[in-house]
Q: 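Could you have a look at this structure, given as structure tokens, before my questions?
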Amino acid sequence: MAITSGRIFWCLCRSILLVVATPLLAAETKVFESVQVTPADEYTHGIEGPAADLDGNLFVVNFGKPGTIGRLRAGAAASEAFTALPEGSVGNAIRFDRNGTMFIADYKKHNIFAIPKGATEPAVWFHSDDMNQPNDMTIARDGTIYASDPNWKGREGHVWRMTKSVDGSVQGQVMSAPRAMGTTNGIDLSPDGKTLYVGESSNGQVWSYAIRGNELTDAKLVKTFQPDTIDGLRTDLAGRLYVARILKGTIALMKPNGAVEREIALKGKEPTNLAFGGSDGKTVFVTQRQGGFIESFRTDQQGREHCLQRGRC
């Protein structure tokens, strides 16, 4: 009888614990609720370019001082130094391709650096003095890199297309476009890789283009926000766009037709960029210029880049 009573008591306690724990777990994983992940001031005012690898590590430029790259390990509450770029180079964007190679846009020295998976030493993959600066990047299924190239003073810009030839050399050139662009900034591809989305900070507009080799065609205005209030952007597998609303402190989540589904409130007021990561690609990490920290929230769709790295997109 005592044994039976003990078992009943244990089962009741276990049930109570499950009832209590379930809401807590749900609260921790509730979508679109952002939390601060790292301490303030880990990164400089130039915190940017977040990108996650398939091991769950998040990489962000300008850790502690310009020209560095920090790493936030999966589950960690603080970043650590990962590597440094050559003297005078400063990163602005990071992306991973299907092979796990990390690419870094160096806006100071007009380089695209590459770091193979498992390595830490950056090597120049592409360079051009004709660039204003490589700002943000996106990578296609075949390894083609598209980079925004803004002229901030002139409030204009364009997009570069860079491809690797069979002999290993990299060719890059400005893509022709059917319209004069503003200061090109955030950039990403649609899940099928046929559409390129480009944000223009100066006029607050997001445009879409069809890609035909080195040509951008079929320009369509997706959405107009207030001038100088948008920064980086990313897409998910549903084709939706996540746009960093710098100075507003939100991420605008919108459909490809420009309809805004929601504005995700953030802890900081100056989000510069974002990236999908986590084991399922549904955790969105946001870099915050105000405070120099990283925050994150869960979403209901996997990011395009995460799917690309897994070789499924």
Q: Considering non-hydrogen atoms only, spot the tightest contact between Ala275 and Pro50 and give its length.
A: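 That closest heavy-atom pairing would be CB-O, 3.2 Å.
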Q: Could you check whether any side-chain heavy atom of Phe82 comes within less than 4.5 Å of a side-chain heavy atom of Arg73, counting everything from C-beta outward?
A: no
Q: Taking the side chain as C-beta and beyond, is there a heavy-atom pair between Ile211 and Thr195 under 4.5 Å?
A: no
Q: Side chains of Thr83 and Arg71: any donor to acceptor distance under 3.5 Å?
A: no
Q: Ile112, Ile139: one ILVMFWY side-chain cluster at the under-4.5 Å cut-off?
A: yes
Q: Hydrogens and angles aside, do Thr183 and Glu200 bring a side-chain donor and acceptor to less than 3.5 Å of each other?
A: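 Per modelled atom types, Thr183 and Glu200 side chains form no pair under 3.5 Å.
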Q: Go through the steps to decide whether Gln173 and Asn214 satisfy the test side chain to side chain contact (heavy atoms under 4.5 Å, CB included), and finish with yes or no.
A: CA-CA 8 Å; Gln173 54 188 315; Asn214 197 50; 3.3 Å; yes
Q: Taking the side chain as every heavy atom from C-beta outward, state whether Leu247 and Gln226 have any pair of such atoms under 4.5 Å apart.
A: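 When only atoms from C-beta onward are counted, Gln226 and Leu247 do not touch, as no gap falls below 4.5 Å.
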Q: How about Arg212: does its CZ atom have over 12 heavy atoms from other parts shown lying under 6.0 Å from it?
A: no
Q: Could you tell me whether Phe96 and Phe59 have their ring centroids closer than 6.0 angstrom?
A: yes
Q: If we count only N and O atoms by modelled type, under 3.5 Å, do the side chains of Tyr146 and Arg95 hold a donor and an acceptor together?
A: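 Tyr146 vs Arg95: no donor-acceptor pair found between side chains.
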Q: Please lay out, stage by stage, how Arg298 and Glu33 fare under the test salt bridge (Lys or Arg N to Asp or Glu O under 4.0 Å).
A: CA-CA 7 Å; Arg298 294 283 292 168; Glu33 285 195 3; over 6 Å; no
Q: Only counting residues at least two apart or in another chain, list the ones meeting side chain to side chain donor-acceptor pair (under 3.5 Å) with Thr144.
A: Asp142
Q: After noting the C-alpha distance and the side-chain angles of Tyr197 and Leu233, does the key distance pass the side chain to side chain contact (heavy atoms under 4.5 Å, CB included) rule?
A: CA-CA 9 Å; Tyr197 295 100; Leu233 65 84; 4.2 Å; yes
Q: The test is side-chain hydrogen bond (donor to acceptor under 3.5 Å, both in side chains); show your working for Asn135 and Asn185 and say whether it passes.
A: CA-CA 6 Å; Asn135 188 69; Asn185 194 343; 2.6 Å; yes
Q: Provide the closest heavy-atom pair for Phe276 versus Gln301 in the form atom of the first, atom of the second, distance.
A: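 So the two residues come closest at CE2-O, 3.8 Å.
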Q: Between the side chain of Ser201 and the main-chain N/O of Thr184, is any donor-acceptor distance below 3.5 Å?
A: no
Q: If you look at every heavy atom in Gln36 and Pro39, which pair is closest and at what distance?
A: NE2-C, 4.0 Å
Q: Taking the side chain as everything from C-beta on, heavy atoms only, tell me whether Val286 gets closer than 4.5 Å to Ile294.
A: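 No, every pair of side-chain atoms sits at 4.5 Å or beyond.
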Q: Passes side chain to side chain contact (heavy atoms under 4.5 Å, CB included), Met175 versus His158? Steps please.
A: CA-CA 7 Å; Met175 301 185 75; His158 42 244; over 6 Å; no
Q: Give the cluster check for Val124 versus Ile115: same hydrophobic cluster or not, with ILVMFWY residues linked at side-chain heavy-atom distances below 4.5 Å.
A: yes
Q: So, Thr287 and Glu48: side-chain donor and acceptor under 3.5 Å apart, yes or no?
A: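 No, no side-chain donor-acceptor pair sits under 3.5 Å.
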Q: Would you sort out whether Asp129 and Lys109 count as a salt bridge (Lys or Arg N to Asp or Glu O under 4.0 Å), showing the intermediate values?
A: CA-CA 8 Å; Asp129 289 330; Lys109 295 293 185 177; over 6 Å; no
Q: Does one hydrophobic cluster hold both Ile47 and Ile69, with members joined at side-chain heavy-atom distances below 4.5 Å?
A: no
Q: When rounded to the nearest 0.5 angstrom, what distance separates CD in Gln133 from NZ in Lys108?
A: 9.0 Å
Q: How long is the straight-line distance from NE2 of His306 back to NZ of Lys282, given to the nearest 0.5 Å?
A: 10.5 Å
Q: Which pair of non-hydrogen atoms, one from Gly239 and one from Leu241, has the smallest distance, and what is that distance?
A: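 Distance-wise, the nearest heavy atoms are O-CD1, 3.7 Å.
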Q: Please report the closest heavy-atom contact between Ala40 and Phe293, naming both atoms and the distance.
A: CA-CB, 4.1 Å
Q: Okay, side chain of Glu42, backbone of Ser79: is any donor-acceptor separation there less than 3.5 Å?
A: yes
Q: Using the benzene-type ring in the case of Trp, are the ring centres of Phe103 and Trp125 under 6.0 Å apart?
A: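 Close enough - the centres of the two rings lie under 6.0 Å apart.
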Q: Under a single-linkage definition using a 4.5 Å side-chain heavy-atom cutoff for Ile, Leu, Val, Met, Phe, Trp and Tyr, are Leu266 and Val284 assigned to the same hydrophobic cluster?
A: yes
Q: Is it true that the side chains of Asp106 and Asn92 contain a donor and an acceptor less than 3.5 Å apart?
A: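 Looking only at side-chain atoms, Asn92 and Asp106 do not form any donor-acceptor pair under 3.5 Å.
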Q: Ignoring hydrogens and angles, state whether a donor on the side chain of Thr250 or Arg245 is under 3.5 Å from an acceptor on the partner side chain.
A: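 No pair is found: no donor N or O on one side chain lies under 3.5 Å from an acceptor on the other.
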Q: Are side-chain heavy atoms of Asp188 and Met137 found at a separation under 4.5 Å?
A: no
Q: Yes or no on side-chain hydrogen bond (donor to acceptor under 3.5 Å, both in side chains) for Thr138 and Arg234, after CA distance, side-chain angles and deciding distance?
A: CA-CA 9 Å; Thr138 185; Arg234 293 291 188 271; over 6 Å; no
Q: Any side-chain heavy atom of Val159 within less than 4.5 Å of one from Ile187?
A: yes
Q: Going by an N to O cut-off under 4.0 Å, is there a salt bridge joining Lys248 and Asp231?
A: no
Q: Cut-off 3.5 Å, side chains only: do Gln302 and Asp280 have a donor facing an acceptor?
A: no
Q: Roughly how far, to the nearest 0.5 Å, is the CG atom of Asn203 from the CD atom of Glu156?
A: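 Between Glu156 CD and Asn203 CG, I get 12.0 Å after rounding to 0.5 Å.
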Q: Donor-acceptor check, side chain of Arg141 to backbone of Leu308, threshold 3.5 angstrom: yes or no?
A: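 It does not hold such a pair.
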Q: Run the side chain to side chain contact (heavy atoms under 4.5 Å, CB included) test on Thr283 and Phe297 for me, step by step, so that the C-alpha distance in whole Å, both residues' side-chain angles and the decisive distance to 0.1 Å come before the verdict.
A: CA-CA 6 Å; Thr283 298; Phe297 61 86; over 6 Å; no
Q: Between the side chains of Asp192 and Ser190, does any donor sit under 3.5 Å from an acceptor?
A: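 Indeed, the side chains of Asp192 and Ser190 share at least one donor-acceptor pair under 3.5 Å.
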Q: Do Glu270 and Thr272 have a side chain donor and acceptor closer than 3.5 Å?
A: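 Result is no, nothing qualifies.
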Q: Would you please test Gln171 and Ser169 for side-chain hydrogen bond (donor to acceptor under 3.5 Å, both in side chains) and show each step?
A: CA-CA 7 Å; Gln171 308 298 319; Ser169 64; 3.3 Å; yes
Q: Got Asn111 and Ser89 here, is their nearest side-chain heavy-atom distance under 4.5 Å?
A: yes
Q: Who passes side chain to side chain contact (heavy atoms under 4.5 Å, CB included) against Leu253, sequence neighbours left out?
A: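 Scan of Leu253 (side chain to side chain contact (heavy atoms under 4.5 Å, CB included), adjacent residues dropped) gives Phe32, Arg240, Tyr242, Glu261, Arg262, Ile264.
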Q: Might you point out which heavy atoms bring Ala244 and Pro271 nearest each other, and give the distance in Å?
A: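 Shortest heavy-atom separation between Ala244 and Pro271 comes out as CB-O, 3.8 Å.
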Q: Side-chain contact, heavy-atom cut-off 4.5 Å: Gln288 with Tyr43?
A: no
Q: Using modelled atom types only, decide if a donor and an acceptor are shared between the side chain of Asp41 and the backbone of Thr44 within a distance under 3.5 Å.
A: no
